[in-house]
Amino acid sequence: MEKLLSTKEVAQRLSVNEKMVYTLITEKGLPATKITGKWLFPAHLVEQWVESMTINYPTGGAELPHKSGLLMIAGSDDILLDRTLTLFMQLNAGHVVLFGAVGSLGGLKALRRGMCHMATSHLAEDNSKDYNFSYAASELEALPAVVNFCRREQGLIVAKGNPHGIRSCCDIAEKDLTVVNRPLGASTRMIFDQQLQEAGIKSSRIKGYGNEVSHHIDIGLEILSGRADVGPGIRPAAALLGLDFLPLRWERFDLLIPKDSFFDKSIQQFLAILHEPAFHDLAARLEGYDVSLAGRMLFPGESR
């Protein structure tokens with residue numbers, strides 16, 4: 001087991017008093033467990049939480065390798081995106097695409113540090129209608145170009161037939177069910193945390209809350225195997241595995257691209273794919289996607 005910190009040790013690490021630590025648990029999602037009757041904090045999760053809360057990351061002076069035909073993408077994972085990357089390489093012989101599944105916030109940080117050509121993100125604004133712009137403004141020196149990749153349905157993945165009769169996050173705590181979760185920095189995790197907060201449920205009450213997987217399909221596999229009862233994810237993952245899905249909302253999934261590299265050949269070739277019939281055919285084979293905005297440049301306040 002990873003090292004567990006006491007409230008006093010966490011307070012010392014964060015240079016705050018112990019009372020503030022309790023506030024951070026309830027209001028800021030500081031990872032904690034009360035399994036022994038007192039608050040304990042997995043050290044590695046506390047470090048990840050601090051990382052996910054960090055803004056104004058230093059650029060570090062890193063520069064991407066200028067290799068012809070190399071495209072590097074980081075951020076939130078998506079099933080249609082995975083298939084589109086394969087399609088891109090099939091249609092553009094000699095090109096290689098590398099993807100890092102680091103979550104929406106991780107993608108913005110990677111973009112800030114010059115570690116990718118574009119980031120994928122679905123971070124909802126406070127109005128729950130617009131996406132990504134305020135987060136990009138906080139993380140990046142200049143707003144990037146924002147191009148829609150798709151809209152997709154976000155919710156809870158449950159076993160076939162929903163044997164536990166789950167209707168909302170409230171049932172997870174009331175029925176003492178086991179969840180599988182996404183990592184800190186993943187927007188899907190943030191949506192789940194928001195649902196728990198709105199229901200007045202503390203994460204410490206949820207079994208399996210700290211069991212994290214990096215991909216939506218892995219959420220479904222944990223439920224399919226019986227190791228978990230429910231987890232936050234997208235409808236396409238549930239549909240592919242024959243699982244049931246409880247919808248929460250449709251969301252926008254965007255590509256964020258630095259404006260000074262927007263017209264780079266590899267980036268433009270990738271964006272061109274979004275207008276191809278082959279891409280729309282890929283989306284049509286999967287449940288839970290809307291690609292009517294795919295490839296369109298977006299601006300703050302459009303709320304699409």
Checklist entry - side-chain hydrogen bond (donor to acceptor under 3.5 Å, both in side chains) between Y209 and D193: does it pass, once the steps are laid out? => result CA-CA 10 Å; Y209 180 83; D193 286 345; 2.5 Å; yes
Item to check | Chi angles and distances behind the salt bridge (charged side-chain N to carboxylate O under 4.0 Å, His left out) call for E222, R227 | outcome: CA-CA 5 Å; E222 288 293 298; R227 289 189 291 269; 2.9 Å; yes
Checklist entry - Should V10 and L30 be marked as a side-chain contact (heavy atoms from CB on, under 4.5 Å) after you check the CA-CA gap, both sets of side-chain angles, and the distance that decides it? => result CA-CA 10 Å; V10 171; L30 176 63; 4.1 Å; yes
Item to check | Path from M118 to L85 over hydrophobic side-chain contacts below 4.5 Å | outcome: yes
Item to check | H216 and H122 aromatic ring geometry - parallel, tilted or perpendicular at 30°/60° bounds | outcome: tilted
Checklist entry - With no hydrogens and no angle check, is any side-chain donor or acceptor of S6 less than 3.5 Å from a backbone partner on E9? => result yes
Item to check | Between S121 and N132, a side-chain donor and acceptor under 3.5 Å | outcome: yes
Item to check | Ring centres under 6.0 angstrom apart (Y289, F149) | outcome: no
Next on the checklist: Count I, L, V, M, F, W, Y as connected when their side-chain heavy atoms are under 4.5 Å apart, and connections chain through other members. Are V179 and L156 then in the same cluster?
Outcome noted: yes
Checklist entry - Do L240 and V180 belong to the same hydrophobic cluster, where Ile, Leu, Val, Met, Phe, Trp and Tyr are linked whenever their side-chain heavy atoms lie under 4.5 Å apart, directly or via other members? => result yes
Next on the checklist: Just so I know, are the side chains of Q154 and W250 near enough to count as touching, which here means a heavy-atom distance under 4.5 Å?
Outcome noted: no
Item to check | Pair D176-R205, salt bridge (charged side-chain N to carboxylate O under 4.0 Å, His left out): steps then yes or no | outcome: CA-CA 8 Å; D176 197 29; R205 291 179 55 197; over 6 Å; no
Checklist outcome for this item: Of all heavy-atom pairs linking R152 and S76, the shortest is NH2-OG, 3.7 Å
Item to check | Heavy-atom side-chain contact between P232 and I191 under 4.5 Å | outcome: no
Checklist entry - Which residue pairs pass the salt bridge (Lys or Arg N to Asp or Glu O under 4.0 Å) test with at least one member in residues 268-292, sequence neighbours excluded? => result R151-D290
Next on the checklist: Which heavy atom of G242 sits nearest to which heavy atom of K160, and what is that distance?
Outcome noted: O-CD, 3.2 Å
Item to check | Rounded distance [0.5 Å steps], CG in L246 versus CD1 in I157 | outcome: 10.0 Å
Item to check | Side chains of I257 and H117 in contact at under 4.5 Å (non-hydrogen atoms) | outcome: no
Next on the checklist: Checking R235 now: which residues fulfil salt bridge (Lys or Arg N to Asp or Glu O under 4.0 Å) with it, not counting sequence neighbours?
Outcome noted: E153
Checklist outcome for this item: To the nearest 0.5 Å, atom CH2 of W39 lies from atom OG1 of T7 at 8.5 Å
Checklist entry - Does one hydrophobic cluster hold both M190 and V230, with members joined at side-chain heavy-atom distances below 4.5 Å? => result no
Checklist entry - Got Q268 and F262 here, is their nearest side-chain heavy-atom distance under 4.5 Å? => result yes
Item to check | Path from L248 to I234 over hydrophobic side-chain contacts below 4.5 Å | outcome: no
Next on the checklist: One pair to check against side-chain contact (heavy atoms from CB on, under 4.5 Å): L71 and F270. What are the steps and the verdict?
Outcome noted: CA-CA 9 Å; L71 183 61; F270 183 81; 3.9 Å; yes
Next on the checklist: Before you tell me yes or no, could you show the steps for D78 and T120 under side-chain contact (heavy atoms from CB on, under 4.5 Å), namely the whole-Å CA-CA distance, both residues' side-chain angles and the distance that decides it to 0.1 Å?
Outcome noted: CA-CA 9 Å; D78 180 75; T120 56; over 6 Å; no
Checklist entry - Any side-chain heavy-atom pair from E174 and I172 closer than 4.5 angstrom? => result no
Checklist entry - At what distance, to the nearest 0.5 angstrom, does CG of L105 lie from CG of L184? => result 9.5 Å
Item to check | Exercise: identify the closest heavy-atom pair between N17 and M20 | outcome: OD1-N, 2.8 Å
Checklist entry - Taking all non-hydrogen atoms of both residues, which atom of A110 and which atom of A74 are closest, and how far apart? => result CB-CB, 4.0 Å
Checklist entry - Shortest non-hydrogen contact from C170 to I201? => result CA-CD1, 3.6 Å
Item to check | Audit row: K202, I25, side-chain contact (heavy atoms from CB on, under 4.5 Å) steps and yes/no | outcome: CA-CA 9 Å; K202 295 181 179 180; I25 294 171; over 6 Å; no
Checklist entry - Quick check: does any side chain N or O of K175 sit under 3.5 Å from a backbone N or O of H164, one acting as donor and the other as acceptor? => result yes
Item to check | Side chain proximity check, S266 to L70, heavy atoms < 4.5 angstrom | outcome: no
Checklist outcome for this item: In short, D244 meets G161 closest at the heavy-atom pair OD2-N, 3.0 Å
Checklist entry - Should D229 and K207 count as an ion pair when the cut-off is N to O under 4.0 Å? => result no
Checklist entry - When rounded to the nearest 0.5 angstrom, what is the spacing between SG in C150 and CG in L282? => result 12.0 Å
Checklist entry - Between OG1 of T84 and CZ of F279, what distance do you get to the nearest 0.5 Å? => result 4.5 Å
Checklist entry - Is R182 salt-bridged to E212, cutoff N-O under 4.0 Å? => result no
Next on the checklist: Quick check for you: to the nearest 0.5 Å, what is the distance between I166 atom CD1 and L177 atom CG?
Outcome noted: 5.0 Å
Item to check | Check against salt bridge (charged side-chain N to carboxylate O under 4.0 Å, His left out), E18 and K8 | outcome: CA-CA 6 Å; E18 292 186 32; K8 182 177 180 180; 6.0 Å; no
Next on the checklist: Using the rule side-chain contact (heavy atoms from CB on, under 4.5 Å), only one of V147, L111, L123 pairs with L256; which is it?
Outcome noted: L111
When the side chains of residues 95-103 are checked against the rest of the protein, which donor-acceptor pairs come out under 3.5 Å, sequence neighbours left out?
from, atom 1, to, atom 2, distance (Å)
H95, ND1, N92, O, 3.4
H95, NE2, Q269, OE1, 2.8

Item to check | Intermediate values then yes/no, side-chain hydrogen bond (donor to acceptor under 3.5 Å, both in side chains), N148 and D254 | outcome: CA-CA 4 Å; N148 181 248; D254 296 335; 3.0 Å; yes
Checklist entry - So do R252 and L298 actually touch side chain to side chain, heavy atoms under 4.5 Å? => result yes
Next on the checklist: Atom CE of residue position M89 - does it have more than 12 heavy atoms of other residues, nucleotides or ligands inside 6.0 Å?
Outcome noted: yes
Checklist entry - Within a strict 4.5 Å, meaning less than it, do heavy atoms of the N181 and R189 side chains meet? => result yes
Checklist entry - Taking the side chain from S15 and the backbone from A11, do they hold a donor-acceptor pair closer than 3.5 Å? => result no
